[in-house]
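As the structure is a computational prediction, the values presented were derived from the model and not from experiment. Per chain, numbering begins at 1; letters A, B, ... match sequence-line order.
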Amino acid sequence: MVSVEYAGEATMNEVCYISTGDKKLKSEVIRIKGNVADLQVFEMTSGISVGETVEFTGELLSVELGPGLLGQIYDGLQNPLPELAEQCGFFLDRGVYLAALDHKKVWDFTPTVKVGARVEAGEQIGFVKEGLFNHWIMVPFQVEGVLTIESIVAAGRYTLNDVLAEAKNEKGDLHQLTMVFNWPVKRAIKSYAERLKPEETLITKLRIIDTFIPVAKGGTYCIPGPFGAGKTVLQQITSRYADADIIIIAACGERAGEVVETLKEFPELIDPKTGRSLMERTIIICNTSSMPVAAREASVYTAVTMAEYYRQMGLNVLMLADSTSRWAQAMREMSGRLEEIPGEEAFPAYLESLIAAFYERAGIVRLKSGDIGSVTIGGTVSPAGGNFEEPVTQATLKVVGAFHGLSQQRADARKYPAIHPLESWSKYKGIIDPQKTEYGRAILFKGDEVGQMMKVVGEEGTSLDDYIIYLKSELLDYVYIQQNSFDPVDAAVEPERQLHIYDILIGILTARLDFAGKEEARSWFNRVRQNFLDYNGKKWQSEEFYNLEKTISELLADQKIGIEADAEGLWAGESRRGQ
Amino acid sequence: MQKVYSKIESISGNVITVKATGVRYKELAVVGSRYGSSMAEVIRLRGDEVALQVFNGGRGVSTGDEVRFMGEPMKVSFSVNLLGRIFDGSGRPRDGGPELADTMVEIGGPSVNPAKRIIPRNMVRTGIPMIDVFNSLVESQKLPIFSVSGEPYNELLARIALQAEVDIIVLGGMGLKYDDYLFFKDTLEKGGVMSRTVFFVHTASDPVVESLLVPDIALAVAENFAIQNKRVLVLLTDMTNFADALKEIAITMEQVPSNRGYPGDLYTQLASRYEKAVDFEGSGSITVLGVTTMPGDDVTHPVPDNTGYITEGQFYLRNGRIEPFGSLSRLKQLVNGDTREDHRAIMDGMIKLYAAYKESLEKKSMGFKMSDWDEKLLTYGRLFEQEMMDLSVNIPLEAALDKGWEILGGCFAPEETGLKTELIEKYCRSKV
Ligand SMILES: Nc1ncnc2c1ncn2[C@@H]1O[C@H](COP(=O)(O)OP(=O)(O)O)[C@@H](O)[C@H]1O
Ligand SMILES: [Mg+2]
């Protein structure tokens, strides 16, 4: 932290540049007291000496918004990392700031308004084609009131800075509209008509999530877990397979190597739905653990601002932040330097409200055009000691709509994804009839109880009926809740397949089964498990898939003597709906 | 241009303050005292009050001692002349050899641009099944051994170092026991790699804060070799001592501690060192293997906890064995996909069964009757521990995989393994 004496005016959160040697280091005002401003520096501070000059820009920390963001890899302050590497080589030299967007690139612009049209902030005046999407060119979000278009260019090829339209507000002030404008990252973009309730499931293609603890478009969820439990892998899988238009990855204060995997592999991976590389729908904001801490704090805001920007175009955006705890720690470090009164575990007292405000930026909205767009936020949490009773996890749990808690025991036993099926929850709607998922969940609960009891009374003290419930819950866990992310077929399961195989599984879970003893039961369940496992690895609706399905139903027919009493309603409900 | 000041305003722990102007943050100074001189680093500037951290400690420093500012941050000499040499924690010769001063390079330099990293793809074969099969080590990985004191972690470290095919080894010792220092020296000499090794050793009898420099010096040297296209292995033992030195400074500076006295930036401090591990695009690499001793065998202690969040896995050493639970190589999936088709299946399948064995063992210890299935698991667990976990086992990966199938086939019927039918048919000869 650097303190400066200033003359004139200083603005809170204003960007400044500290001159040291031949470098100018970007920083932000984080406290003003008398004529002294405290700055957090977005760079390594070594070499700065007392008496150096500081330039105040009067601008808040902002990002540049316009076509060309997709496919980019930025640091927390929107510096494009590949371009930086071209200029500086292996290392991140400080004090080098490059343009976030290519201002020379020519885009095919199509106007959608005519002279005389009245437009407001966030409304479209035209679009350019950016990869798969029509990238709306909008009236900047900070424009107040209604503008009347005075002139607009014809369809054609333009660069970011070309004036595309001129428009006047009610007071007669002239606005020149281009493809690009800046927006301060810490302000939510609200140029839409209304906010809606998140109701549609955001498909992740992970069975446990879509079936039991779903995420909704425009919703929020968190993934807390001790180190090594699988938070990052879970987010990587989601960033590949989730059914969103655009994915924004905020790699916040964790390993650089993990981002490298994404940024090297995504350009090569083809999205089966669009036939285009995954990178074309992705933006990576990368401020990993050895990069400056102050920029880490900014990085999640940079990411969410871009997410909101694309939401304004009627797109569904999923933002993944790994890890929000590092962002919270960055705030803690700053708060410590400001010598503020610390709260729990030395986190600042305002931690909770900042976390709430951050997740509040998610949401599904109706735009002024009537289109619907959404920002979904999923954040990992890295609790100290793996203990969820710590400030960041607790503050996050208060505000999110779904909780995917990872368990060390499950990771140790290689039960991936190691989401705890009983402790996790979601307030959103999934893809499967809730009655059926409740039945599955109840089996898991009862199976867990029997398992606990067996630890006390032993297997011989457990009744055959209880033992069968236990085996059913183990089966559901093994072949449905667990999913092999490294198997080409099992890695991503489409909703139709989830519905289909869950029904098969429910058929087994609800069946009354006839066994002479526990040994026979165990061995039957082993055979079913084996076939189901192979079945999960076969291509959807392939011949082998159906063959295995047949084997499974034959196995079931051998042993089934009816339906469990508590499941009769379930199947009755089914046939009523069928009529 | 060097400036000399001879009035120290305050001395508190290892931190001294002087009044001086024109001083830069993180600049190096030399503090001369009756008991010899010590390096110091500027850690705070407040008006003309300069706070310095004295690496030899504050003991014996007097208010009249001289502080000479060097005008630049800490640097270390870098050249091939380093090879085969042994230095102390501040980079001074410890082997009686000449002081080196050619090409001084910065320590604690900027981090690597993620866009210049590549995805690591080379497996480091160690001959230890618990590593090769279950948690493969990968070139450019950063990975500590988690252990309580008394475990043979330095032996394990040296064994891996000798097995790894690297060009250069840099050993950074922090609070290293003298015996351990001699052990490393002997082992690396006998292994014939001493001529490619550099030692930076801070021993248990040196002032604690001096250990703070060791990782930065060792990693700066490694980084410079790596950009000359060398594959470098850095051994850091023991990083808990480094963290404790950080804690000591934080307390002296009256920072608000976040957890058990450790500063709130412990994560960032450790990360900025471990993240030096890298595979450079078009050049060499740095692999970092460390030791993190766990006070009270508590993995939730802030040092192992923060470390685990930073490193790419850990080997959990306990009772002389690498535990399957708690051990992890986060990079294993980058290399185990094209070793042998059954590698991943064996890796997960055997551990799932080992977890089930642990449950049966628990039931048994509570006096419950063992079912057939329990009995099978008990046999399996015993074999697994003997033939896979024991550190004396030294076999290539492929032999270890075969051994895995042999154990599975000897204990279980095919469908009890939980593995896919295709693999079972190809590799497993079940005798059950
Ligand atoms: N779904 C999964 N399938 C297989 N292995 C996994 C899965 N999730 C995690 N792992 C293993 O665990 C390691 C750690 O996972 P990671 O997501 O990096 O943990 P975290 O981010 O919680 O610290 C991975 O490198 C991988 O080896
Ligand atoms: Mg992670």
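- The most heavy-atom pairs under 4.5 Å with chain A, out of B/Ile351, B/Leu45, B/Asn306, B/Leu328, come from B/Ile351.
- Annotation: maximal heavy-atom pairing with chain A below 4.5 Å, among B/Thr421, B/Asp374, B/Val50, B/Val299, occurs at B/Thr421.
- In this structure, chain A has a heavy atom under 4.5 Å from the side chain of B/Leu334, while its backbone stays farther away.
- Of all the listed residues (A/Glu344, A/Gln408, A/Gln409, A/Arg296), the one sharing the greatest number of non-hydrogen pairs under 4.5 Å with chain B is A/Arg296.
- Listed options A/Gly228, A/Pro82, A/Gly336 were ranked by heavy-atom pairs under 4.5 angstrom with chain B; first place goes to A/Gly228.
- Counted within 6.0 Å of CD on A/Gln452, heavy atoms from surrounding residues, nucleotides or ligands total more than 12; the atom is thus considered enclosed.
- The shortest heavy-atom contact between A/Glu459 and B/Ser371 is OE2-CB, 3.5 Å.
- Only the backbone of B/Pro414 comes within less than 4.5 Å of a heavy atom of chain A; no side-chain atom from C-beta onward does.
- Chain A forms the most heavy-atom pairs under 4.5 Å with one residue out of B/Gly308, B/Gly264, B/Pro304, B/Ala356, and that residue is B/Gly308.
- When heavy atoms are compared at a cutoff of 4.5 Å, B/Arg330 approaches chain A solely by way of its side chain, counted from C-beta outward.
- Under the 4.0 Å criterion applied to side-chain N and carboxylate O atoms, A/Lys455 and B/Glu359 are not assigned as salt-bridge partners.
- Distance alone, capped at 3.5 Å, places no donor-acceptor pair between the A/Glu333 side chain and the B/Thr268 backbone.
- Scanning all heavy atoms of the two residues, the minimum distance from A/Val457 to B/Phe368 falls at C-CE2, 3.3 Å.
- Most heavy-atom pairs under 4.5 Å with chain B, from the set A/Ser49, A/Gly461, A/Ala346: that is A/Ser49.
- Remark: A/Lys264 engages B/Glu281 in a salt bridge, criterion side-chain N to carboxylate O under 4.0 Å.
- Using a cutoff of 4.0 Å between basic side-chain nitrogens and carboxylate oxygens, A/Glu519 and B/Lys376 are not scored as salt-bridged.
- Here B/Glu416 contributes atom CD and A/Arg527 contributes atom CZ; the two are 10.5 Å apart, rounded to the nearest 0.5 Å.
- Although no hydrogens or angles enter the test, the distance criterion places a donor-acceptor pair under 3.5 Å between the side chain of B/Asn113 and the main chain of A/Leu81.
- Of the two parts of B/Pro120, neither the backbone nor the side chain holds a non-hydrogen atom closer than 4.5 Å to a non-hydrogen atom of chain A.
- With values rounded to the nearest 0.5 angstrom, A/Asp412 atom CG is found 10.0 Å from B/Tyr316 atom OH.
- Taking A/Gly47, A/Ser325, A/Ala411, A/Ser3 one by one and counting their heavy-atom pairs under 4.5 Å with chain B, the maximum is reached by A/Gly47.
- Residue B/Pro73: no heavy atom, backbone or side chain, is found under 4.5 Å from chain A.
- Contact of B/Leu419 with chain A is made through the backbone alone, with heavy-atom distances under 4.5 Å.
- Atom OG of residue A/Ser46 and atom CD of residue B/Glu72 lie 12.5 Å apart, to the nearest 0.5 angstrom.
- Heavy-atom distances place no part of B/Gln255 under 4.5 Å from chain A, backbone and side chain included.
- With a 4.5 Å cut-off on side-chain heavy atoms, B/Ile119 and A/Glu265 count as touching.
- Proximity to chain A is limited to the backbone of B/Thr311, based on heavy atoms less than 4.5 angstrom apart.
- Counting heavy-atom pairs closer than 4.5 Å to chain B, the top-ranked of the candidates A/Ser382, A/Gly386, A/Ala413, A/Gly51 is A/Ser382.
- If you tally non-hydrogen atom pairs under 4.5 Å between each of B/Lys276, B/Arg46, B/Gln314, B/Met347 and chain A, the highest count goes to B/Gln314.
- A/Met291 approaches B/Pro114 most closely through the heavy-atom pair SD-CG, 4.3 Å.
- Heavy-atom distances place the side chain of B/Asn259, and not its backbone, under 4.5 Å from chain A.
- The minimum heavy-atom distance between A/Ser289 and B/Glu275, with the atom names listed, is OG-CG, 3.2 Å.
- Checked by atom type and distance alone, the side chain of B/Tyr309 pairs as donor or acceptor with a backbone atom of A/Pro383 at under 3.5 Å.
- Only the side chain of B/Tyr267 comes within contact range of chain A, with heavy atoms under 4.5 Å apart.
- Ion pair B/Lys116/A/Glu86 not flagged as a salt bridge, since none of the NZ, NE, NH1 or NH2 atoms sits closer than 4.0 Å to an Asp/Glu carboxylate oxygen.
- Contact of the B/Tyr25 side chain with the A/Met44 side chain is not registered, since no non-hydrogen atoms from C-beta on lie closer than 4.5 Å.
- Nearest heavy atoms, A/Ser290 versus B/Ser272: CB-CA, 3.9 Å.
- Taking the side chain as every heavy atom from C-beta outward, B/Glu312 and A/Glu258 never approach each other to under 4.5 Å.
- Taken from CZ in B/Arg344 to CZ in A/Phe486, the straight-line distance is 5.5 Å, to the nearest 0.5 Å.
- A/Ile48 has its side chain out of reach of B/Lys26: every pair of non-hydrogen atoms, C-beta onward, lies at least 4.5 Å apart.
- Counting heavy-atom pairs under 4.5 Å between each of B/Gly367, B/Ala271, B/Pro110, B/Ala355 and chain A puts B/Pro110 at the top.
- Here the side chain of A/Arg255 pairs a donor or acceptor atom with the backbone of B/Ile310 at under 3.5 angstrom.
- At distances below 3.5 Å, not a single donor-acceptor pair connects side-chain atoms of B/Asp305 with backbone N or O atoms of A/Ala384.
- Side-chain atoms of B/Ile424 and A/Gln530, non-hydrogen and from C-beta on, do get closer than 4.5 Å to each other.
- Ranked by heavy-atom pairs under 4.5 Å with chain A, the first of B/Lys369, B/Lys363, B/Lys352, B/Met366 is B/Lys352.
- The greatest number of non-hydrogen atom pairs below 4.5 Å with chain B, out of A/Arg522, A/Arg332, A/Glu261, A/Glu460, is found for A/Arg522.
- Proximity to chain A (any heavy atom under 4.5 Å) is shown, for B/Arg273, by neither the backbone nor the side chain.
- In this structure, A/Phe347 CZ and B/Ser258 OG are separated by 7.5 Å, a value rounded to the nearest 0.5 Å.
- Interface remark: B/Val112 contributes backbone and side-chain atoms alike to the contact with chain A (heavy atom separation under 4.5 Å).
- Rounding to the nearest 0.5 angstrom, the gap separating the NZ atom in A/Lys415 from the CG atom in B/Asp348 is 12.5 Å.
- At least one side-chain heavy atom of B/Lys420 sits under 4.5 Å from a side-chain heavy atom of A/Asp487.
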